[in-house]
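Data first, discussion second: the structure below is written as structure tokens.
Position 1 is the first residue of the sequence, and the numbers go up from there. As the structure is a prediction and not an experimental result, all values here were calculated from the model. Worth knowing before you read on, the calculation uses all heavy atoms, side chains too, and leaves out hydrogens, waters and symmetry mates.
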Amino acid sequence: MTDADHIDALLAKLSRTQKLALVRGATDPKGTATGYISGVDEAGIPPFRLVDGPLGIRAEGHHATAFPASIATAATFDTDLAQRQGAAMGREATALGQDALLAPGVNIIRAPHCGRNFEYLSEDPVHAGAIGASLVDGIQSEEVVATVKHFVANNQETHRTTVSAEVDERTLRELYLPPFRAAVDAGVGSVMTAYNRVNGTHMSDHEPLIGDVLKGEWGFDGYVVSDWYGLESTVGAANAGMDLEMPGVAAPGAEDTAADETADGDTVEWPDGIPDATHAGLFGDPLAEAIDNGDVPAGRLDDMARRILGQMDRFGRLDGGRTAAEGGNSDGQAGELDSQRHREIAADVAARGTVLLDNDGVLPLDDGADVAVIGPNIDEPKLGGGGSSETTPVHSVTPIAGVESRAEGAVTTAFGVPQIESVSLFDLLPFVGEDEDADKAAADTAEREPSLDDAVTAAESADVAVVFVRDATTEARDRDSLALPGQQDELVSAVAAANENTVVVVRSGGPVELPWREDVAAVLEQWYPGQADGDAAAAVLYGDCDPSGRLPVTFAPESEYPTAGDERRYPGVDDEAHYDEGVFVGYRHFDDGDADPTYPFGHGHSYATFEYGDAEATAEQTVTVPVENVADRPGREVVQAYVRPPSVEGGDRPERELAGFEAVQLAAGERQTVELTLDDLAFSRYASDSGWTVDTGTYTVEIGRSSQDIRTTVPVDR
Ligand code: NOJ
């Protein structure tokens with residue numbers, strides 16, 4: 001019997017009520033899962049648990065490894081490492097009795113203000129696609145279903161549940177859809193739809209994108225799950241191709257909150273960005289009625305159930321052996337949680353994803369240097385941003401602890417300015433009671449009494465001052481400014497005036513403004529480094545790990561982004577965000593205009609020095625380039641290939657587009673010929689009337705260290 005026959009035979013045994021139980025979430029009796037399907041015990045279909053999220057496993061009541069933010073994983077430009085992180089998350093999901101992971105998030109970083117940029121990968125579709133596909137591959141190599149999200153054009157948190165991304169087809173095809181396509185090509189088992197609308201239609205009702213593109217054109221045969229409380233309708237969604245409603249039941253406490261409020265005659269106000277947590281059950285009785293009325297074909301319910309059962313079967317959930325709920329995967333392995341190797345992967349990603357933005361030679365630090373560790377949050381790890389991706393690790397390392405354990409010289413510390421408080425979606429929920437942790441944190445902050453003078457004194461008497469600064473971003477809220485919050489800019493300037501060897505270590509969810517950058521000796525961008533925080537910082541500061549991170553997003557003055565200064569584009573007017581910039585997002589925008597980025601896409605220094613030889617085109621889609629590490633220390637280089645089209649006819653093609661990249665570790669003096677595979681997407685353009693075209697002509701493949709630092713070029717004919 002083929003797998004399909006097996007599923008059909010199982011389906012034939014199920015009643016309609018049993019099928020309906022498969023396509024709508026229920027309450028998890030164990031309370032660990034983010035989403036739960038009850039299964040059909042009589043038919044041997046076990047319960048199925050779905051869990052957040054991209055930065056590690058958020059199983060309620062459990063600890064798990066806190067991996068760095070997804071943008072840090074992307075900054076490694078290292079698909080093998082991303083695959084290993086995915087596999088580690090898969091093993092942790094298994095150990096925690098979960099069947100599907102609600103990751104990765106692959107939305108293109110369009111607006112630098114988006115509160116969830118830390119959960120996403122890149123402003124470039126080839127880059128986001130490659131890293132996303134590697135994460136999918138890793139997660140699923142451990143027999144856990146990966147869920148690529150949020151399909152599609154969920155590029156801002158402001159009005160995320162209602163805003164319509166007004167975006168033309170070419171832009172969708174060339175920019176926003178490809179990372180999802182890459183995940184589908186990598187065999188992803190599940191796709192989560194976005195909360196927003198696209199061109200007026202809610203994504204869960206969007207038949208052209210779900211039914212036609214995703215399932216039709218791309219041949220996606222897994223299941224499409226709604227975002228939480230994000231199913232818009234019964235009939236529209238079922239007919240559009242939605243397969244699973246999550247969570248399917250109202251949030252505990254939400255109904256009561258709504259009822260309390262309405263008793264006073266007011267309707268409950270859900271804060272912007274928070275979905276209505278009573279909006280559930282659309283694939284319950286209403287779906288049965290819609291089928292009875294003929295509004296939804298009965299075959300659609302079979303198809304939904306078949307798709308969910310298909311993934312359960314594919315990952316060994318239907319063979320009567322293992323269920324994740326019992327622990328272990330289909331090979332009888334019990335998963336793995338917080339193991340030494342997972343801690344090491346988390347630390348490797350954090351260190352390798354670190355981008356050395358500037359360095360006048362102060363880094364790497366001398367082992368014996370006396371160091372002042374300064375910053376308002378130096379006694380806390382920066383695990384991640386707020387929201388559904390929050391994780392709770394067993395073990396974490398603060399910046400102070402990381403530097404202290406590595407330094408051979410004296411270490412002094414100072415907070416300098418008031419602590420930056422984390423923000424979280426969970427503090428915005430109207431139906432959750434007072435947060436005791438937040439009260440405690442506020443009390444702790446009050447006790448600190450930070451002083452700028454103490455920071456200056458510490459800086460003056462040390463060889464090097466290392467200032468740790470951070471932003472605070474969360475799901476459900478966009479940033480209102482790219483400036484660092486609080487008095488951190490003032491702190492950096494004061495420390496820089498006191499010590500010429502000032503190094504700033506930035507922790508941010510995306511681009512931030514660094515107004516003092518020319519007054520300091522070095523700047524490192526560490527994103528949100530996760531549990532390994534202080535260790536990863538020390539590894540890079542002292543040169544144990546070469547800073548091989550490269551920027552997955554352009555850093556520029558706030559006013560120069562294509563979404564700046566035009567409310568119509570961002571955050572939108574009358575609930576419509578017009579993507580008038582088209583494909584000119586990120587470096588495509590900066591290459592096209594007069595404004596220079598502060599740090600371009602792909603940028604990042606190394607402690608080593610690399611020389612590039614002449615590139616050669618060795619096959620239709622392959623170029624090679626010799627790269628030599630001419631330094632006396634090992635280093636890691638990210639070799640990047642961009643494609644320039646033959647002529648920018650009509651001026652509407654980007655000047656260059658990333659076509660491929662490869663991270664290579666080179667010993668001192670080592671030379672390697674690096675082979676790069678060029679993605680078709682960089683050669684293609686899309687027009688609504690004619691579809692995809694590869695113009696005939698000579699393309700220039702540019703190879704270098706960043707989108708602005710090209711070292712060699714080679715012509716390629718198409
Ligand atoms: C909403 C978020 O948008 C999504 O990413 C997450 O997986 C679900 N909530 C479940 O927590």
Residue pair Arg705, Glu637: steps toward the salt bridge (Lys or Arg N to Asp or Glu O under 4.0 Å) verdict: CA-CA 8 Å; Arg705 302 203 68 247; Glu637 177 66 322; 2.8 Å; yes
Salt bridge (Lys or Arg N to Asp or Glu O under 4.0 Å) between Arg517 and Asp358, intermediate numbers included: CA-CA 8 Å; Arg517 68 188 187 91; Asp358 269 320; 3.7 Å; yes
Steps toward ring-ring contact (aromatic ring centres under 6.0 Å, His included) verdict (Phe77, His127): CA-CA 8 Å; Phe77 278 72; His127 181 221; 3.9 Å; yes
Residues Arg116, Glu475; criterion salt bridge (Lys or Arg N to Asp or Glu O under 4.0 Å); working and verdict: CA-CA 5 Å; Arg116 283 186 103 172; Glu475 174 182 345; 3.4 Å; yes
Working for side chain to side chain contact (heavy atoms under 4.5 Å, CB included), residues Ile378 and Thr398: CA-CA 6 Å; Ile378 51 176; Thr398 67; over 6 Å; no
Tyr607/Val540 under side chain to side chain contact (heavy atoms under 4.5 Å, CB included): CA gap, chis, key distance, verdict: CA-CA 10 Å; Tyr607 294 149; Val540 175; 3.8 Å; yes
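There is a side-chain donor-acceptor pair under 3.5 Å between Gln85 and Thr73. Side-chain N/O atoms of Asp272 and His159 include a donor and acceptor closer than 3.5 Å. There is a side-chain donor-acceptor pair under 3.5 Å between Glu558 and His113. There is no side-chain donor-acceptor pair under 3.5 Å between Gln156 and Thr158. In summary, the side chains of Glu581 and His589 do not present any donor paired with an acceptor at a separation below 3.5 Å, with no hydrogens or angles considered. Under 3.5 Å, the side chains of Tyr570 and Asp478 contain a donor-acceptor pair of N or O atoms. A donor atom on one side chain and an acceptor atom on the other are found under 3.5 Å apart for Gln526 and Thr354. Neither side chain, Thr65 nor Gln531, offers a donor N or O lying under 3.5 Å from an acceptor on the other. In the model, Gln640 has no side-chain atom that pairs as donor or acceptor with a side-chain atom of Ser706 under 3.5 Å. Of the N and O atoms on the side chains of Asn155 and Tyr579, at least one donor lies less than 3.5 Å from an acceptor on the other residue. Between the side chains of Asn154 and Tyr195, no donor N or O sits under 3.5 Å from an acceptor N or O.
Using a distance-only test at 3.5 Å, with no hydrogens or angles considered, a donor-acceptor pair links the side chain of Thr474 to the main chain of Gly386. For the pair Arg479 (side chain) and Pro112 (backbone), a donor-acceptor distance under 3.5 Å is present. Side-chain atoms of Gln708 never come within 3.5 Å of backbone atoms of Pro600 as a donor-acceptor pair (strictly under, hydrogens ignored). Using modelled atom types, no side-chain atom of Glu119 and backbone atom of Ser389 make a donor-acceptor pair closer than 3.5 Å. No donor-acceptor distance shorter than 3.5 angstrom exists from the side chain of Asp574 to the backbone of Glu576, with no hydrogens or angles considered. Here the side chain of Asp533 pairs a donor or acceptor atom with the backbone of Lys382 at under 3.5 angstrom.
Side-chain contact between Leu102 and Val51 is absent, with no heavy-atom pair separated by less than 4.5 Å. When side chains are defined from C-beta on, Leu175 does not count as touching Arg110, because their heavy atoms never get closer than 4.5 Å. In this structure, the side chains of Ser606 and Arg636 stay at 4.5 Å or more apart for every pair of heavy atoms. Residues Arg448 and Pro418 form no side-chain contact, since every pair of their non-hydrogen atoms from C-beta on lies 4.5 Å or further apart. When side chains are defined from C-beta on, Leu541 counts as touching Leu524, because their heavy atoms get closer than 4.5 Å.
Here the options are Asp546, Thr76, Asp78, the test is side-chain hydrogen bond (donor to acceptor under 3.5 Å, both in side chains), and the partner is Arg352; only Asp78 passes.
Rounded to the nearest 0.5 angstrom, Asn499 CG and Ser461 OG are separated by 9.0 Å. Taking CG of Asp535 as the reference point, atom CZ of Arg343 lies at 10.5 Å (rounded to 0.5 Å).
Phe468 is linked by a ring-ring contact (aromatic ring centres under 6.0 Å, His included) to nothing, counting only residues two or more places apart in sequence or in another chain.
Residue pairs meeting the ring-ring contact (aromatic ring centres under 6.0 Å, His included) criterion with at least one partner in residues 522-562, sequence neighbours excluded, are Phe118-Tyr528, Tyr561-Phe590.
Ring geometry for Tyr599 versus His603: interplanar angle under 30°, hence parallel rather than tilted (30 to 60°).
Between Glu657 and Arg588 there is a salt bridge, with a side-chain nitrogen of the basic residue lying less than 4.0 Å from a carboxylate oxygen of the acidic one.
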